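Reckoned from all heavy atoms, side chains included, excluding hydrogens, waters and symmetry mates. Every value quoted in this text rests on a predicted model; they were computed, and no experiment measured them. Order of the sequence lines sets the chain letters (A, B, ...), proteins ahead of strands, with each chain counted from 1.
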Amino acid sequence: MKKTGLKDLPNAVNGNVVLRFAPNPNGPLTLGHARGVTINSEYAKNYDGKVVLRFDDTDSKVKPPLRDAYTWIEEDYKWLTGKEPDIIVRASERMEIYMKYAKKMLNEGFGYVCKCSAENFKKLRDNSKECPCRMKDPKENLSDWNEMISGLLSEGMAVVRVKTDMNLPNPALRDWPALRIQHTPHPMVGDKYKVWPLLDFQSAIEDYEQGVTHIIRGKDLMDSTRKQTLLYNHFGWEYPETLYWGRVKIHEFGSFSTSGMRGEIENKNYSGWDDPRLPTLRALRRRGFDSDAMRDFWIDLGLTQKDISVSLQTIESFNSSKIDSKCERRVFVRNPQIIRLDENNVEIERKLVLNKHPLNEIKGHREWDLEDLDIYIESTDLGANEIRLKDFADVEIQDSVGIIQSIDRTDKRKIIHWLPKTIAKKAILTIPKGNEIIIQEGMMEDIEIMKNSIVQLERVGYAKIESNNDDVVKLLWLHG
RNA sequence: GCUCGUGUGGUGUAGUUCGGUCCAUCAUGCCGCCCUUUCGAGGCGGCGACCCGGGUUCAAAUCCCGGCACGAGCACCA
């Protein structure tokens, strides 16, 4: 008995579930982010809950936020889920809250300002030794804190730590850092703050503030859960239910990082964030991927901790089943060769009426005029002598002449697509392949070519019509 | 090294909590067939897996022990 959709969320109360999706706004969303958006929004839908879109923009130095990315991410989120997030928060706008809790931590003695160097502290930590700063009383910590936030101390000179236990078996959890000094101006709030929280602190506080009930995150963040649980214990809060997913690799896309792409785009190696070779949602959307298909794909993968590697083909297959009934058929003949048809005393129709969709899922027809008997076929189809022109007739090819043998199909010969010269228009198909762009020129059926629509080029594959002017149709490859 | 996690066909996934209904689900892939309407749409059929070794049991993908493999964290990144 196969369950459809996602497994139940542990301890979830219908109508009382709060989830969150927390990207770093340093670029638009990628295919990988789509998993987080999909899983969280799907659970919210199933439990009549809410999703918080939270921008974790607390690092202006290593991963500087991009002003435009906030809007891009909201657009991408909306495209994929079909709705706005229930709540949107920006960490950089909520600094006062984090500062308040930091101060409280210092006041109540479960946090301290540590002035040890990073290397020094690591040495002590790895030997389960406490650092001298740990002994300070709240008063001294508060005065050090004031030095930090006033800008008196420069970067690297001090950090606020959460007191845990130096004998914890996992060294990563011992007195972990919560806030650090950062003087690089923030693109959204400038140089107003000299101290910024680290992910584990900011995220923990914000989850509490937003009443998050379920956190779904990568398993690389398992230690974050443990660290944050320790902090929650100090504050007397109850930590949310936490679920994890493993890493996903898509065969066809190498290892792209958002910051890597950003650099490549700035260096003009890609035309922009929607360059069809890129794994961004905007690129995929531009090519014609359907948002529901993408959601179906991620829901089908489900939520497991396994590190997986999947093929784009799987997503494409989901996409085909979603879009096929909406895609009209058209002919596109690559590397066209002219063939002159010879009626050979066979009585033929001078007007062919073809369905827009083979199963007639899209009503309507395309009418082909056959007054002129010059037609195009693909040069690679020239090899066989006897072929069948799809939806028309069996022909024998001899020296660029196609001798019509029969209107009815008489044998199992290859069926090829073709196009009367009179209704052919020049077209260029752009195919992103790995890091390459392949250009295929040919002739396309010049019937109702509508910009931005996706058509199935018979025997070729799906493509999006990107533009159509007087001389040429520009097509962008989707998939086979 | 320390800490944590994961191992079901080519790729994913269901089943593992409470052992039998599992000679293991579904999708994708591959192969083949059908369709005078696509080699690439659609329909139909086929191929193919429980990491290894012990143990418990009438019975193990499921429980126990021991290996092995892979991955992640150990940042004043997110």
Rounded to whole Å, CD of A:Glu252 lies from P of B:G29 at a distance of 12 Å

The side chain to side chain contact (heavy atoms under 4.5 Å, CB included) partners of A:Asp446 (sequence neighbours excluded) come to A:Lys425, A:Ile449

- Message: Under 3.5 Å, is there a donor on one side chain and an acceptor on the other for A:Arg388 and A:Gln405?
- Response: no

Distance check, C1' atoms only: B:U25 and B:U62, in whole angstrom units.
15 Å

Separation between CD1 (A:Ile216) and CG (A:Leu243), nearest 0.5 Å, reads 5.5 Å

Requested in this report: Considering only atom C1', compute the distance from B:C74 to B:U13 and round it to an integer number of Å.
Outcome: 32 Å

Rounded to whole Å, CD of A:Glu316 lies from P of B:G12 at a distance of 17 Å

Taking every heavy atom of A:Met95 against every heavy atom of A:Val195, the minimum-distance pair comes out as CE-O, 3.1 Å

Considering every strand and a 4.0 Å limit on heavy-atom distances, what is the contact class for A:Ser224: base, sugar-phosphate, or nothing? nothing

To the nearest angstrom, the CG-C1' distance between A:Asn120 and B:C76 comes to 14 Å

Sticking with atom C1', work out how far B:A41 lies from B:C4, rounded to a whole angstrom.
48 Å

Among B:G5, B:C77, B:C74, the one nearest any side-chain atom of A:Met222 is B:G5

Between CD of A:Glu155 and C1' of B:C76 the distance, given in whole Å, is 9 Å

P spacing across the pair B:U17 / B:A60, given as an integer number of angstrom: 15 Å

For A:His183, the ring-ring contact (aromatic ring centres under 6.0 Å, His included) test, sequence neighbours excluded, returns none

Residues passing the side-chain hydrogen bond (donor to acceptor under 3.5 Å, both in side chains) test with A:Asn335, sequence neighbours excluded, are none

Margin query: Does A:Trp477 form a ring-ring contact (aromatic ring centres under 6.0 Å, His included) with A:Tyr462? I'd like the steps, not just the answer.
Written below: CA-CA 7 Å; A:Trp477 176 250; A:Tyr462 298 97; 8.5 Å; no

- [ ] Describe the nucleic acid contact of A:Thr304 in one word from base, sugar-phosphate, nothing, applying a heavy-atom distance below 4.0 Å.
- [x] sugar-phosphate

side-chain hydrogen bond (donor to acceptor under 3.5 Å, both in side chains) with A:Arg329: of A:His417, A:Glu458, A:Glu445, A:His357, only one passes, and it is A:His357

Below 30° counts as parallel, above 60° as perpendicular, anything between as tilted: where do the rings of A:Phe110 and A:His234 land? parallel

TODO: Examine the side chains of A:Tyr112 and A:Asp144 and answer whether a donor and an acceptor come within less than 3.5 Å of each other.
DONE: no

The answer to which of A:Gly302 and A:Gln313 contacts RNA chain B further toward the 5' end, by nearest nucleotide, is A:Gly302

Check: With under 30° as parallel and over 60° as perpendicular, where do the rings of A:Tyr77 and A:Phe21 fit, or are they tilted in between?
Finding: tilted

In whole angstroms, the gap separating P of B:G29 from CD1 of A:Ile315 amounts to 13 Å

query = When we call it a touch if two heavy atoms are under 4.0 Å apart, what does A:Lys61 touch: a base, just sugar-phosphate, or nothing?
reply = nothing

Walking RNA chain B from its 5' end, the first of A:Leu301 and A:Pro171 to be reached, judged by nearest nucleotide, is A:Pro171

Rounded to whole Å, the CD-C1' distance (A:Gln202 to B:C77) equals 13 Å

Quick one: is A:Lys7 getting a side-chain N or O under 4.0 Å of the B:U13 phosphate, OP1 or OP2?
-> no

Checking B:C77, B:C74, B:C4 against the side chain of A:Arg226 (C-beta onward), the nearest is B:C4

May I ask you to check whether A:Ser379 and A:Arg334 show a side-chain donor-acceptor distance below 3.5 Å?
no

When rounded to whole Å, the CG to P distance for the pair A:Asp223 and B:A75 reads 10 Å

Protein-proximity profile, nucleotides 36-45 of chain B, B/S/- by nucleotide at the 4.0 Å heavy-atom cutoff, equals BBBBBS----

Considering only atom P, compute the distance from B:A49 to B:C26 and round it to an integer number of Å. 16 Å

Provide the distance between the two P atoms, one in B:G20 and one in B:G66, to the nearest whole Å.
25 Å

Letter by letter from the 5' end, nucleotides 67-72 of chain B scores (B base, S sugar-phosphate only, - none; protein heavy atoms under 4.0 Å) ----SS

Given Watson-Crick and G-U pairs under 3.5 Å, RNA chain B in dot-bracket ([ ] crossing, | other strand) is (((((((..(((.......[.....)))((((((.......))))))...(((((..]....))))))))))))....

Among B:U11, B:C77, B:U28, the one nearest any side-chain atom of A:Thr314 is B:U28

### Message
Distance to the ring centre below 6.0 angstrom and angle to the axis at most 45 degrees; does that hold for A:Arg161 and A:Phe121?
### Response
yes

Practice task
Determine the interatomic distance between P on B:G45 and the same-named atom on B:A59; round to the nearest Å.
Solution key: 37 Å

task = Respond yes when some side-chain nitrogen or oxygen of A:Thr58 is under 4.0 Å from OP1 or OP2 of B:A78, and no when none is.
result = yes

Worksheet item: At under 4.0 Å between heavy atoms, what does A:Lys412 touch on the DNA or RNA strands: base, sugar-phosphate, or nothing?
Response: sugar-phosphate

Quote, to the nearest angstrom, the C1' distance that separates B:U28 from B:G46.
16 Å

d(A:Phe318 CZ, A:Gln313 CD) to nearest 0.5 Å is 13.0 Å

A:Lys122 NZ to B:C74 C1', in whole Å, measures 6 Å

